[in-house]
Number of protein chains: 4
Amino acid sequence: MRASVIGATGFAGVELVRLLLGHPKAEIAMVTSESSTGELLNKMYPHLKNRFDKSLTSMQDLQGIAEASDVIFLALPHGHAMKIAKELKNSDVKIIDLGGDYRFQDPKVFEKWYKVEHLDPTTRAVYGLVELYRDKIKGSKLVANPGCYTTSSILALVPLLKNKLVKTKGIIVDAKSGTTGAGRSLKLGSLYESVNESFKAYGVASHRHTPEIEQAYSDFAGEDVIIQFTPHLLPCDRGIYATCYADLADNVTDEAVAEAFASMYGGEYFIRLLGKGVMPELKNIRASNYVDIGWEIDRRTNRVIVVSCLDNLVKGAAGQAIQNMNVLFDLPEQMGLEALPIYP
Amino acid sequence: MRASVIGATGFAGVELVRLLLGHPKAEIAMVTSESSTGELLNKMYPHLKNRFDKSLTSMQDLQGIAEASDVIFLALPHGHAMKIAKELKNSDVKIIDLGGDYRFQDPKVFEKWYKVEHLDPTTRAVYGLVELYRDKIKGSKLVANPGCYTTSSILALVPLLKNKLVKTKGIIVDAKSGTTGAGRSLKLGSLYESVNESFKAYGVASHRHTPEIEQAYSDFAGEDVIIQFTPHLLPCDRGIYATCYADLADNVTDEAVAEAFASMYGGEYFIRLLGKGVMPELKNIRASNYVDIGWEIDRRTNRVIVVSCLDNLVKGAAGQAIQNMNVLFDLPEQMGLEALPIYP
Amino acid sequence: MRASVIGATGFAGVELVRLLLGHPKAEIAMVTSESSTGELLNKMYPHLKNRFDKSLTSMQDLQGIAEASDVIFLALPHGHAMKIAKELKNSDVKIIDLGGDYRFQDPKVFEKWYKVEHLDPTTRAVYGLVELYRDKIKGSKLVANPGCYTTSSILALVPLLKNKLVKTKGIIVDAKSGTTGAGRSLKLGSLYESVNESFKAYGVASHRHTPEIEQAYSDFAGEDVIIQFTPHLLPCDRGIYATCYADLADNVTDEAVAEAFASMYGGEYFIRLLGKGVMPELKNIRASNYVDIGWEIDRRTNRVIVVSCLDNLVKGAAGQAIQNMNVLFDLPEQMGLEALPIYP
Amino acid sequence: MRASVIGATGFAGVELVRLLLGHPKAEIAMVTSESSTGELLNKMYPHLKNRFDKSLTSMQDLQGIAEASDVIFLALPHGHAMKIAKELKNSDVKIIDLGGDYRFQDPKVFEKWYKVEHLDPTTRAVYGLVELYRDKIKGSKLVANPGCYTTSSILALVPLLKNKLVKTKGIIVDAKSGTTGAGRSLKLGSLYESVNESFKAYGVASHRHTPEIEQAYSDFAGEDVIIQFTPHLLPCDRGIYATCYADLADNVTDEAVAEAFASMYGGEYFIRLLGKGVMPELKNIRASNYVDIGWEIDRRTNRVIVVSCLDNLVKGAAGQAIQNMNVLFDLPEQMGLEALPIYP
């Protein structure tokens with residue numbers, strides 16, 4: 001299987017390269033970057049030295065890339081994928097987009113939250129959260145890989161929403177992200193001194209992952225769900241930690257909550273249920289494709305607190321994209337993604 | 001003013017020593033430690049070298065310590081202060097307790113959450129959150145210095161509760177603490193490798209600061225308030241960051257929220273109001289006695305999110321204790337606490 | 001191939017488990033711990049959840065462990081291995097010791113620096129620095145796996161010593177280690193607050209890795225080499241960084257230095273030569289078995305500065321042990337060790 | 001005393017502002033920035049909120065700034081100070097330059113290492129390392145404040161060089177710096193992800209602080225000293241740690257070494273001698289003007305290893321500049337610099 005990475009020099013792009021190099025059935029066809037065309041990727045990222053010696057090309061010749069590839073990963077800022085996918089509409093190549101362009105059933109939602117016009121509003125992609133939409137992904141051509149915050153938040157509460165164990169009103173997701181979630185751009189706020197020994201909320205009441213979480217929650221709840229989503233920046237490299245609050249429906253037992261998680265995720269390779277009263281730790285999933293989920297039930301407040309965490313560059317981006325690739329090409333879902341977390 | 005520190009070898013104790021050494025009107029009379037009696041404090045904490053050369057004594061001779069002191073700071077695990085304060089009941093020495101023993105108006109609440117019997121249940125201390133209870137602190141003899149999470153959480157929402165701008169039901173405080181908040185005990189979870197590059201929730205639905213926050217919220221709301229409180233451990237040395245969620249009452253304007261904060265805290269030296277839409281950063285208050293407060297109003301969810309942060313060892317412990325001392329002894333409240341935050 | 005890990009609960013032990021689980025030809029027979037016998041390893045180390053469900057046994061029944069295993073890894077503090085290897089002298093099982101007991105050709109050197117009597121002084125192990133002693137390792141029964149500082153320091157200067165390009169007098173190795181190098185013991189100096197935002201030298205002029213480095217330097221120089229070795233503690237989880245200083249011999253060209261490295265390491269999978277003027281970065285080798293080496297030549301001082309780095313838990317401990325296992329069992333040397341570094 | 005800061009938005013500039021705000025005899029007249037003229041400094045640096053409300057002006061009107069000030073601090077990249085000091089030659093204002101322009105007795109040395117022409121080669125400044133050149137600083141008009149690496153390295157070995165206890169050949173300074181040492185510029189290498197969990201050498205055999213250290217060493221040794229200087233980047237905010245190696249002269253006793261340090265630094269407020277066998281830790285001097293010095297003597301190698309550390313933004317920049325100001329204006333040297341280190 002020949003895979004190309006469009007936008008290989010960002011953190012998600014280079015993580016795709018790392019994972020593809022360890023995938024037994026994939027080979028990397030092309031890697032692109034418009035700002036560093038012609039440069040060796042392993043010069044920008046010396047951790048790849050001796051293992052990957054391709055130079056970056058331009059994505060200008062899209063048809064050529066498509067012909068050289070069975071699958072193309074788009075790891076670009078939003079707004080680019082809709083041009084590329086549109087142009088490749090008649091190609092046989094599979095496309096997995098790691099950006100936001102195709103994540104919404106309703107392109108108006110995209111336009112409202114991303115504040116740009118959608119240039120390919122009639123195309124519908126499959127939402128690539130494999131554990132929830134596996135069957136739809138098989139056989140599709142264009143997969144919208146979910147965001148990092150969203151994967152963590154959605155997986156945390158969907159079992160309870162689906163089983164009507166929680167109320168759909170009043171849900172709060174208080175989420176925390178490692179700094180790679182902010183990308184590799186040169187901003188004062190991304191300097192070591194700005195992040196180290198600090199912590200801050202940002203995008204309160206306005207972060208673009210909000211409607212993406214709401215879309216999945218609504219889908220499984222069977223009704224419109226509006227949530228409060230608050231992201232924060234953590235002083236560490238990798239990781240998403242979502243603390244999710246929901247009011248319990250009437251007469252919900254501890255067992256019903258446990259059973260909802262077990263029945264939905266019991267067979268999932270990448271989801272580890274820690275159970276009631278056991279809180280996940282970011283470090284236990286680092287550099288792996290795992291999602292760890294634990295929860296607590298507070299009878300004083302009649303609320304369930306579900307906590308989930310994942311590595312934003314793996315299950316929150318490149319790993320999930322490879323998982324989607326495996327589904328698209330009928331490979332075992334965990335192929336190339338079995339690496340254990342790095343601890344400590 | 002002669003000040004003694006009972007329990008000087010913990011993080012709060014040694015921070016008291018640091019701040020007292022910089023206080024123009026205080027001198028340190030005695031520092032105690034039962035496990036390191038006889039040792040030089042500056043040998044355990046070499047950052048004090050050349051500036052503090054007293055040895056640690058035992059707290060066994062309490063009356064002697066009281067006679068040598070105008071004020072005694074208790075920086076001990078809970079359960080000790082109630083013995084000490086009881087024994088010193090007839091002494092003239094002022095006592096500022098940094099632990100939980102005397103923080104509750106109702107000793108039954110203490111017993112329920114701390115799971116020990118209260119040995120001095122008839123004594124009432126003043127709750128030493130100066131910005132809220134200043135007048136009561138003046139002239140008192142025993143001050144219960146608030147906890148770190150609680151100071152941050154209480155200050156964030158009290159102006160809105162007092163002015164009935166938020167509902168008293170459904171309040172959630174999602175809080176994050178630097179590692180010094182967990183003290184200096186030898187546990188696997190406190191090792192560098194356990195904390196670094198990680199993040200976790202703990203004490204969910206059961207943390208002892210919950211009833212302390214509820215007590216102050218209820219006091220200002222004029223009715224019983226039950227909250228959801230979730231603490232997390234941050235990979236950094238110092239800091240409390242509280243993200244507080246409350247449902248807006250009907251017809252509350254942005255201006256009413258801003259006015260509630262301004263009228264209550266406008267004249268406070270140690271509270272900096274960042275305003276609507278500006279989120280505090282932990283690093284901007286490090287090593288200072290400041291509390292930074294910002295907020296956002298979400299009309300989609302009809303909720304206000306108030307975010308506050310402080311240094312858990314300063315405004316969350318030793319700094320607030322000194323502030324209480326200043327009030328008790330009629331000194332300018334900011335004396336010895338004017339150091340600017342250390343940035344970066 | 002059945003492998004057992006004696007002392008599986010330390011950082012090196014659990015890293016062995018992680019790597020063995022990813023090794024295509026190995027299966028883990030037994031894992032032991034005297035302090036946690038009977039406990040599930042994945043309960044102490046939840047990153048292993050769903051992937052390893054063996055309980056810890058005692059190492060008391062050594063013969064039983066030997067019969068159940070083709071190879072035994074000893075990940076214990078020094079002083080234990082010499083008892084175990086002695087007891088298993090007549091067993092067929094291969095032993096790879098990650099401690100110091102068998103690293104010295106002369107047991108007197110061990111006794112002098114480790115300050116304990118050697119209980120098995122007549123047994124000689126092979127020194128398991130594969131790149132230098134590969135041929136001797138093949139077919140041996142007892143391998144002394146080198147230390148982390150030593151692997152990094154030895155590989156940095158041996159090519160120059162062997163080719164007489166540097167003087168044997170005046171060598172200085174200024175080395176820095178991530179905190180996992182200090183093990184997982186409960187000490188005040190290992191708490192997060194002690195390490196974070198700090199840095200310190202320790203074991204100056206007395207660290208036990210000194211004679212181990214000297215032994216290899218002397219072996220390749222063909223004469224006795226005495227060095228200055230200074231370790232420091234870095235505020236990060238993993239990594240050894242060795243800055244090595246040596247006086248150039250007369251008339252040594254830049255090319256001769258480059259050629260010495262190339263001829264010795266050009267074919268080595270795990271050594272990446274960055275060349276003159278390119279300094280390694282710790283992060284580029286994290287969680288991998290790579291050693292990155294760069295150097296600079298200073299004509300003002302007539303000195304060469306060779307800088308090497310590696311992950312102390314992988315190439316500096318568990319990874320190198322697996323590499324030794326591969327050599328012992330005639331497997332491709334990189335089997336199970338091909339994972340790319342995790343960046344960032 | 002009216003003080004102005006030219007270049008107030010870099011880390012050293014804003015640290016000057018912090019320290020001046022806490023100085024009992026200083027008031028800040030003007031703060032300048034060419035890129036942010038007109039902006040409030042406390043908007044860029046919110047830790048100053050409520051305590052400093054001046055806007056940044058341009059340094060174009062130098063004479064105006066000089067008239068409004070008794071002392072001007074220049075916190076600019078090298079190459080600017082020589083223009084400014086030249087232009088203010090006839091003004092009475094005192095100038096303390098934190099850059100490299102005037103640090104060399106021989107402007108040719110500046111030109112060689114900084115690779116720019118010196119525009120004011122006939123002006124000589126006093127080298128502002130107060131502990132060594134106090135008498136010369138008094139009464140001078142232009143002070144060249146030393147660099148951070150240099151202050152740490154010079155103070156470590158000067159007592160031994162002055163007393164001929166070490167050889168002048170073969171000195172190596174292996175130094176490590178927190179990230180603020182690299183300034184606040186937007187470079188990939190300064191991003192959080194590049195620094196965190198990493199470590200690297202840079203500027204090997206070519207760093208500009210080399211000749212500055214050599215100049216002071218030579219001055220006290222009474223002969224030309226050439227050294228090896230190797231800087232490294234530490235994953236922490238603040239701090240310089242210099243591990244200095246020198247060969248002992250013949251027949252030097254432990255006592256002679258201790259006596260050299262004691263006689264030279266015994267009366268210095270800002271130098272804390274830890275003694276033989278005690279290694280400094282970066283955290284013990286954080287945010288203070290202290291220099292901690294310890295040493296070890298290795299009789300195997302006949303070498304002394306002196307280790308010193310300081311906060312690069314305080315004693316290595318702004319604090320030392322204030323110390324110089326105090327000397328220039330006949331104030332107690334520690335005025336405004338007495339704050340204890342922040343620990344942890």
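Atoms considered below: every heavy atom in the structure, side chains included; atoms not considered: hydrogens, waters and symmetry mates. Chain letters run A, B, ... following the sequence lines, proteins first, then strands; residues in each count from 1.
Chain C forms more heavy-atom pairs under 4.5 Å with one residue of Met279(D), Glu281(D), Glu197(D), Lys200(D) than with any other, namely Glu197(D). The greatest number of non-hydrogen atom pairs below 4.5 Å with chain C, out of Asp247(D), Ile297(D), Thr301(D), is found for Thr301(D). Of the residues considered (Gly170(D), Ser206(D), Cys236(D)), Cys236(D) shows the highest number of contacts with chain C, using heavy-atom pairs under 4.5 Å.
Contact of Ile227(D) with chain C is made through the backbone alone, with heavy-atom distances under 4.5 Å. For a residue to count as touching a neighbouring chain, one of its non-hydrogen atoms must lie under 4.5 Å from one of that chain's; by this rule Leu233(C) does not touch chain D. Arg299(C) does not touch chain D: none of its heavy atoms, backbone or side chain, sits under 4.5 Å away. Pro235(C) touches chain D through backbone and side chain together, each having a heavy atom under 4.5 Å away. Heavy atoms closer than 4.5 Å to chain D are found in the side chain of Thr210(C), but not in its backbone. For chain D, the nearby part of Tyr245(C) is the side chain; its heavy atoms alone come within less than 4.5 Å. Residue Ser194(D) touches chain C through both its backbone and its side chain, counting heavy-atom pairs closer than 4.5 Å.
Other residues, nucleotides and ligands contribute over 12 non-hydrogen atoms within 6.0 Å of the NZ atom of Lys164(C).
You'll find the side chain of Lys283(C) reaches within 4.5 Å of the side chain of Asn196(D), heavy atoms only. Put simply, the side chain of Glu214(D) reaches to within 4.5 Å of the side chain of Arg300(C), judged on heavy atoms.
Taking the six-membered ring where tryptophan is involved, the planes of Phe199(C) and Phe199(D) are essentially parallel, since the angle between them stays under 30° and well short of 60°.
Heavy atoms only, all atoms of each residue included: Ser198(D) and Leu282(C) are closest at OG-N, 3.6 Å. Closest non-hydrogen pair, Gln228(D) versus Asp298(C), comes out as NE2-OD2, 3.0 Å. Heavy-atom minimum distance, Glu193(D) versus Tyr343(C): O-OH, 4.3 Å.
To the nearest 0.5 angstrom, Thr230(D) atom OG1 is 10.0 Å from Glu296(C) atom CD.
A salt bridge links Asp174(C) with Lys176(D); the closest basic N to acidic carboxylate O contact falls under 4.0 Å.
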